[in-house]
Peer 1: 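Here it is, the structure, as structure tokens.
Chain letters run A, B, ... following the sequence lines, proteins first, then strands; residues in each count from 1.
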Protein chains: 2
Amino acid sequence: MAPTRPPGRPRSSVDATVFAATLRTVDELGYTHATVDRIAAAAGVAKTTIYRRWPSKGALITACLVDAFGPLPLESGSRAELMSSAIRWGAAKISEPGIGAAFAGVFTDAINDPALREILSTQLQDPYRLALQEALGEPETRVLFLIDVVIGTLLHRMGMTGEPMVDADVDALVEMVVRVLP
Amino acid sequence: MAPTRPPGRPRSSVDATVFAATLRTVDELGYTHATVDRIAAAAGVAKTTIYRRWPSKGALITACLVDAFGPLPLESGSRAELMSSAIRWGAAKISEPGIGAAFAGVFTDAINDPALREILSTQLQDPYRLALQEALGEPETRVLFLIDVVIGTLLHRMGMTGEPMVDADVDALVEMVVRVLP
DNA sequence: GCAGTTTCGCTACTTGAGGTATCGATACCG
DNA sequence: CGGTATCGATACCTCAAGTAGCGAAACTGC
């Protein structure tokens with residue numbers, strides 16, 4: 001089956017532009033003040049175009065994060081090495097401009113929005129959880145707990161309080177988590 | 001100096017009623033849907049009365065949390081015992097109805113609201129941080145990191161995802177943190 | 001009792017943000 | 001050229017935080 005093109009005017013390829021504008025706006029103004037109107041203006045696009053592609057602000061941010069993170073890099077090695085590199089990779093990503101604030105904001109929006117929660121789970125959380133679960137060979141509850149510790153710490157420090165996480169803190173986090181691996 | 005009463009009609013003593021109504025409403029509807037109108041209605045009080053006592057919804061929630069948590073119980077013992085009991089106390093408190101959601105919600109509100117951040121810091125965070133710092137005899141950066149790990153994990157698990165934290169998870173968290181104490 | 005002051009509940013309002021509806025113009029297919 | 005779906009632009013709806021103004025009520029001091 002060749003991917004037959006649907007009829008009608010094709011979508012202009014502005015996804016990457018919108019993602020960039022989103023992260024830039026969130027970085028400059030914070031999640032709340034980064035309104036969809038402002039993001040659209042920053043991307044040089046109409047607000048309706050954004051809502052034609054993503055059903056809500058939270059869905060846009062989620063897609064933006066999925067795009068920004070990309071697949072979890074899993075080099076081979078011991079479980080401690082795997083876990084260590086995954087934590088350092090996540091910490092570095094969350095430190096990039098706008099990412100931490102966007103991450104924390106969309107999580108919060110999702111608390112009282114079941115539809116967004118579904119999107120966030122299936123598109124962002126589940127893939128990484130499953131990849132890590134398979135790589136570590138640990139049971140699901142254990143992996144979920146470790147992810148909560150790492151993501152919770154990173155988000156609380158950088159998403160919530162806005163304070164940067166220094167290398168020593170990342171080292172300490174890695175050591176804490178790696179030590180409890182069997 | 002006797003505390004001379006100011007002129008005018010004295011405030012009705014409804015703070016406790018409002019706090020209870022706040023936590024109940026947040027527990028039932030979640031942070032976002034727990035609007036000030038609804039909280040006021042649940043407390044049997046006018047919305048203006050609430051805004052006459054607390055400058056914003058976030059400030060109300062903060063006061064509510066300060067009231068709900070109370071002072072950090074610090075029994076004497078080793079640093080490991082102190083830390084362990086503090087974590088278990090925090091985990092138990094955050095599990096009470098409405099507390100976790102209120103905590104996560106006010107933190108998020110504070111991200112883009114400097115005035116609320118100031119309130120949250122001075123009234124809720126600083127007291128516990130200072131108490132723990134003094135009890136443990138650890139440097140500030142170290143205590144801040146450990147608090148981020150514990151609060152981050154608890155908030156991410158219970159405030160954000162809404163999933164309960166089972167005893168095994170609390171045990172694992174305690175062990176992780178206690179192990180890295182010098 | 002009465003003037004002064006402050007809180008009370010009530011209602012109406014302002015502001016800002018997420019999201020929707022409509023419309024003429026445009027780009028692609030057959 | 002007809003059919004279809006996207007484009008930008010504008011206007012609109014809804015809901016929630018927070019404010020303003022009002023008459024009534026509760027307290028103090030004279």
Peer 1: Please tell me if A:R5 has a side-chain N or O lying less than 4.0 Å from either OP1 or OP2 of C:dC29.
Peer 2: yes
Peer 1: For A:A91, is there any backbone N or O sitting under 3.5 Å from a side-chain donor or acceptor partner on A:S95?
Peer 2: yes
Peer 1: Which distance, rounded to the nearest 0.5 Å, do you find between the CG of A:L155 and the OG1 of A:T108?
Peer 2: 8.5 Å
Peer 1: For residues A:I94 and A:F103, determine if any side-chain heavy atom of one lies less than 4.5 Å from a side-chain heavy atom of the other.
Peer 2: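 Yes, close enough: below the 4.5 Å cut-off.
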Peer 1: Please identify each residue that fulfils salt bridge (Lys or Arg N to Asp or Glu O under 4.0 Å) with B:E75, with sequence neighbours left out.
Peer 2: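 Partners of B:E75 by the salt bridge (Lys or Arg N to Asp or Glu O under 4.0 Å) criterion come out as none, since no residue qualifies.
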Peer 1: Quick one: CD1 on A:I151 to CZ on A:F107, what's the gap to the nearest 0.5 Å?
Peer 2: 7.0 Å
Peer 1: Does some side-chain heavy atom of B:V14 sit less than 4.5 Å from a side-chain heavy atom of B:R53?
Peer 2: yes
Peer 1: Measure CG/A:D109 against P/C:dG18 and give the value in whole Å, please.
Peer 2: 9 Å
Peer 1: Can you list, by residue number, the residues of residues 10-30 of chain A that have a non-hydrogen atom closer than 4.0 angstrom to DNA chain D?
Peer 2: A:R11, A:S12
Peer 1: I'd like to know if B:E175 and B:R179 make a salt bridge, using a cut-off of under 4.0 Å between side-chain N and carboxylate O.
Peer 2: yes
Peer 1: State, yes or no, whether a side-chain contact exists between A:L173 and B:F145 at a heavy-atom distance under 4.5 Å.
Peer 2: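 A side-chain contact under 4.5 Å exists here.
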Peer 1: Mind checking side chain to side chain contact (heavy atoms under 4.5 Å, CB included) for B:A20 and listing every partner two or more places apart, or none if nothing turns up?
Peer 2: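 For B:A20, no residue satisfies side chain to side chain contact (heavy atoms under 4.5 Å, CB included) once neighbours in sequence are set aside.
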Peer 1: Taking DNA chain C as the partner, which of residues 35-49 of chain A come within under 4.0 angstrom of it by heavy atom?
Peer 2: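 Hits under 4.0 Å, by residue number: A:T35, A:V36, A:R38, A:K47, A:T48.
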Peer 1: Please report the interatomic distance CD(B:E140) to CD1(B:I147), rounded to the nearest 0.5 Å.
Peer 2: 9.5 Å
Peer 1: Using the side chain to side chain contact (heavy atoms under 4.5 Å, CB included) rule, pick out the option among B:T141, B:V180, B:V178, B:L132 that qualifies with B:L146.
Peer 2: B:V180
Peer 1: Starting from P on C:dT7, measure out to CZ on B:R9 and report it in whole angstrom.
Peer 2: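 From B:R9 CZ to C:dT7 P: 10 Å.
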Peer 1: Listed in order of residue number, which residues of residues 112-123 of chain A have a non-hydrogen atom at under 4.0 Å from DNA chain C?
Peer 2: none
Peer 1: Tell me: CD1 of A:I50 to P of C:dA17, nearest whole Å?
Peer 2: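 Going from A:I50 (CD1) to C:dA17 (P), I get 15 Å.
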Peer 1: Could you state the CZ-P distance from A:R53 to C:dG19, rounded to the nearest angstrom?
Peer 2: 17 Å
Peer 1: Heavy-atom nearest nucleotide on DNA chain D for B:Y31 versus A:P7: which residue maps closer to 5'?
Peer 2: A:P7
Peer 1: Taking the side chain as everything from C-beta on, heavy atoms only, tell me whether B:D148 gets closer than 4.5 Å to A:D169.
Peer 2: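 Sidechains of A:D169 and B:D148: no contact.
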Peer 1: For the atom pair CG (A:D113) and NE2 (B:H33), what is the distance rounded to the nearest 0.5 Å?
Peer 2: 7.5 Å
Peer 1: What is the first contacted nucleotide of DNA chain D and what is the last, in 5' to 3' order, if contact means an atom lying under 4.0 angstrom from a heavy atom of chain B?
Peer 2: D:dA16 to D:dT28
